Amino acid sequence: MKKIVFTLLCGSFLLAACKKTAVNTVEDNSALNRSAIDAFIRTTIQKDQKFEWSTAPVNMIWSALNESDHILSVGYKPAGEMNVDERLHLIDINSAAWIHAKNEVLELILASEKELDPSLTMDQLVQWNESYLPVLDVYVRNQATIRLLRASAWVRYAEPMGYEPGTIDNRIVSSSGCGSNVAEPGLTEGIDFTTLLPNTKQSWNYGYHKIPNAWTRSTGAGVKVFIIDTGCEFDQENLGSSFNQGNSSGRTIDRIVTLPRATFLGFPTGPVETADDGCGHGTSMAGACAAPRGLDGAACGVAYNASLVTCRAAEDVFLDDSREVKGASDAFVNAANRADVKIISMSMGRITSSSQMSDAIKYAYGKGKLMFVAAGTSFSWTSSWYGVIFPAYMTQVNAITGVRDNQFNNTCTSCHSGSETDFTIVMEKAINERHPLTLAMSGDAPSTVGGSSVSTATAAGIAALVWSRFPTFTRDQVLNKMIATSANYPVRNSSLGWGNLNADAATN
């Protein structure tokens, strides 16, 4: 799923897990190194199948801040407020009660942080402003601040935004991430693709999901899909000036950016970000979902008459930086607030949870959006101990993974699966590990892309076909239609969910 993925060499992360590293969870003020933090994270994942920062002691939260960028995500609420998660989409953070709660928390943080730096101002404390979610992104150095926040009736959570296990030297470059979206040589007609009228290439895997059959009833017209990823390459005209061509017409594509500038002590330190794709991953996802059925010989997408919003929310698909968490969270909120968007697709994720991103996803769910998120992609040995990643394991989204063409109960070489998996997509040939076709960064010669990433974009495209066929359906009706027509229904598989989607049956 990435330029940098969730596989970590037996370096700091794995070796630490093999050592007997003691972590004192009761009023311990000592600093922990990365090895101790990472060991705790891995042990927790192996026991609970996920890691949430609420399980970590205060000194670990503080240590993680010290080992990253010191940005703390703080969810706030009025004292005594209940059931915030279920009502996030209804909350007005500009109302008196919520403004008061926010100010109480900010004053608490500022007073505590001034113990270390008396010159600190509120403008320096707050890194990014929030418009919809009751959350603060603040620069924190004092361990006492975290203790005060955890004890406060005004606080829902306080956790590091930018800490993820391992260091850059301990991660592995994936074939399905940044830099790999170039034209694939040696593609063979009749094996890797089929040429369709007017002049487009249908990927080899579409037949397994009966997508061509579904096209006789629906092509995605009238549905808009919001792709949260690394952006959209401006040089790919099939996602620009030629988005409408051939059998694709009357639709729109918007290219936006939510990835914020980097900040330090409240001041921007990096360039203003654009919607252009500097990675390649986002372009390939947009192509797999809704590239035109055109005249130029390029690969067509599943929902070739659906409209798109491509959002640059991150630099790459491993959300290991505070501003990427902020970018992804803002993307979900942006999509949630657009009445024209029905479906959200995100082929990105992280190892540890983010309560801020969870807030954003719950906000979008409350707004009626149908969401698909990648279950995770890495090397095969990592898949054996790490199941569905965050945020795909959340109940508000549908976790998608990929399977091979010869055994539908066998995940792809690098795909994650687990009890939270909802659907599968055939996306890897067993004979040569060929992956589905999509749009390259430029030109009409197709590239290929794999992992749970392309599976997610494909599932979102199928959902667009279903919603276009039944435009009066609610989100839950569309989802139930997809479930009831999938391969494993009515018996959900323990690691692959409802199995392969059937676009033909779902649009019938």
Side-chain angles (χ1 to χ4, degrees), residues 1-2 176 209 211 220 223-232 239 251 253-256 258 275 277 279 281-291 301-314 317 319 327-336 338 340-349 357 360-361 364-365 367-377 388-394 396-402 415 421-425 427 436 438-439 449-468 475 478-479 482 501 503:
M1 191 166 112
K2 155 155 202 123
S176 58
H209 300 280
I211 291 168
V223 176
K224 184 170 286 186
V225 181
F226 195 108
I227 305 283
I228 301 174
D229 213 282
T230 63
C232 181
L239 296 173
R251 63 196 189 137
I253 182 167
D254 303 329
R255 294 182 285 197
I256 68 170
T258 57
D277 185 4
C279 169
H281 193 270
T283 302
S284 64
M285 295 303 105
C289 181
V302 174
Y304 60 78
N305 262 320
S307 293
L308 279 182
V309 180
T310 64
C311 178
R312 184 166 184 253
V317 300
L319 303 175
S329 299
D330 282 358
F332 277 106
V333 171
N334 186 298
R338 295 185 60 143
D340 57 341
V341 168
K342 292 182 178 293
I343 298 164
I344 302 173
S345 176
M346 187 174 84
S347 297
M348 305 191 295
M357 203 185 308
I361 289 170
Y365 186 82
K367 294 280 190 174
K369 308 306 177 184
L370 179 57
M371 294 177 278
F372 299 90
V373 179
T377 306
V388 176
I389 64 171
F390 177 85
Y393 64 62
M394 290 182 63
Q396 290 81 8
V397 305
N398 297 283
I400 314 298
T401 198
C415 294
T421 303
D422 292 291
F423 299 109
T424 59
I425 295 291
M427 43 58 63
T438 188
L439 297 176
V449 63
S452 63
S453 290
V454 71
S455 305
T456 302
T458 301
I462 292 174
L465 298 181
V466 178
W467 219 328
S468 177
R475 170 198 53 212
V478 171
L479 182 57
M482 296 172 72
L501 287 163

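Worth saying up front: this structure is predicted, and the values here are computed from it rather than measured.
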- Full working for side chain to side chain contact (heavy atoms under 4.5 Å, CB included) between Leu319 and Met357: CA-CA 11 Å; Leu319 303 175; Met357 203 185 308; 3.7 Å; yes
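You'll find the side chain of Leu479 reaches within 4.5 Å of the side chain of Phe423, heavy atoms only. Using a 4.5 Å heavy-atom threshold, the side chains of Cys289 and Ile227 count as touching. Contact check for Ser347 versus Asp229: side-chain heavy atoms found under the 4.5 Å cut-off.
Checking Ile344, Asp254, Val333 one by one against Arg338, the side chain to side chain contact (heavy atoms under 4.5 Å, CB included) holds for a single residue, Asp254. For the side chain to side chain contact (heavy atoms under 4.5 Å, CB included) with Phe226, the lone residue among Ile343, Thr310, Leu308, Ile256 that qualifies is Ile256.
Between the side chain of His209 and the backbone N or O of Leu501 there is at least one donor-acceptor pair closer than 3.5 Å. Side chain of Ser468 to backbone of Leu465: no donor-acceptor contact under 3.5 angstrom is found. A donor-acceptor pair is defined here as one N or O able to donate and one able to accept, closer than 3.5 Å; such a pair exists between the side chain of Lys369 and the backbone of Val341. Side-chain atoms of Thr377 come within 3.5 Å of backbone N or O of Ser452 as a donor-acceptor pair. At least one donor-acceptor pair closer than 3.5 Å links the side chain of Thr438 to the backbone N or O of Ala288. With hydrogens and angles ignored, the 3.5 Å screen pairs no side-chain donor or acceptor of Asn398 with any backbone N or O of Phe372. Between the side chain of Arg312 and the main chain of Gly282, no donor-acceptor pair closer than 3.5 Å is present.
Interatomic distance, OG of Ser453 versus CD1 of Ile425, reported as 13.0 Å (0.5 Å rounding). To the nearest 0.5 Å, atoms OH (Tyr304) and CD1 (Ile211) are separated by 11.5 Å. Here the OG1-OH distance, from Thr421 to Tyr393, works out to 14.0 Å after rounding to the nearest 0.5 Å. To the nearest 0.5 Å, atom CD1 of residue Ile228 and atom OG1 of residue Thr258 are 7.5 Å apart.
Looking at every heavy atom in both residues, Met346 comes nearest to Pro391 through CE-CG, 3.6 Å. Nearest heavy-atom pair, Ala374 versus Ala392, reported as atom, atom and distance to 0.1 Å: O-CB, 3.1 Å. Closest approach of Met371 and Ala364 over heavy atoms only: SD-CB, 3.9 Å. Minimum interatomic distance between Ala290 and Arg251 (heavy atoms only, all atoms of both residues): O-NH1, 2.9 Å. In plain terms, the two heavy atoms of Ala459 and Met482 that are nearest each other are O-CE, 4.1 Å. Considering every non-hydrogen atom in both Leu239 and Arg255, the closest pair reads O-NH1, 3.6 Å.
Side-chain polar atoms of Ser345 and Thr456 form no donor-acceptor pair below 3.5 angstrom.
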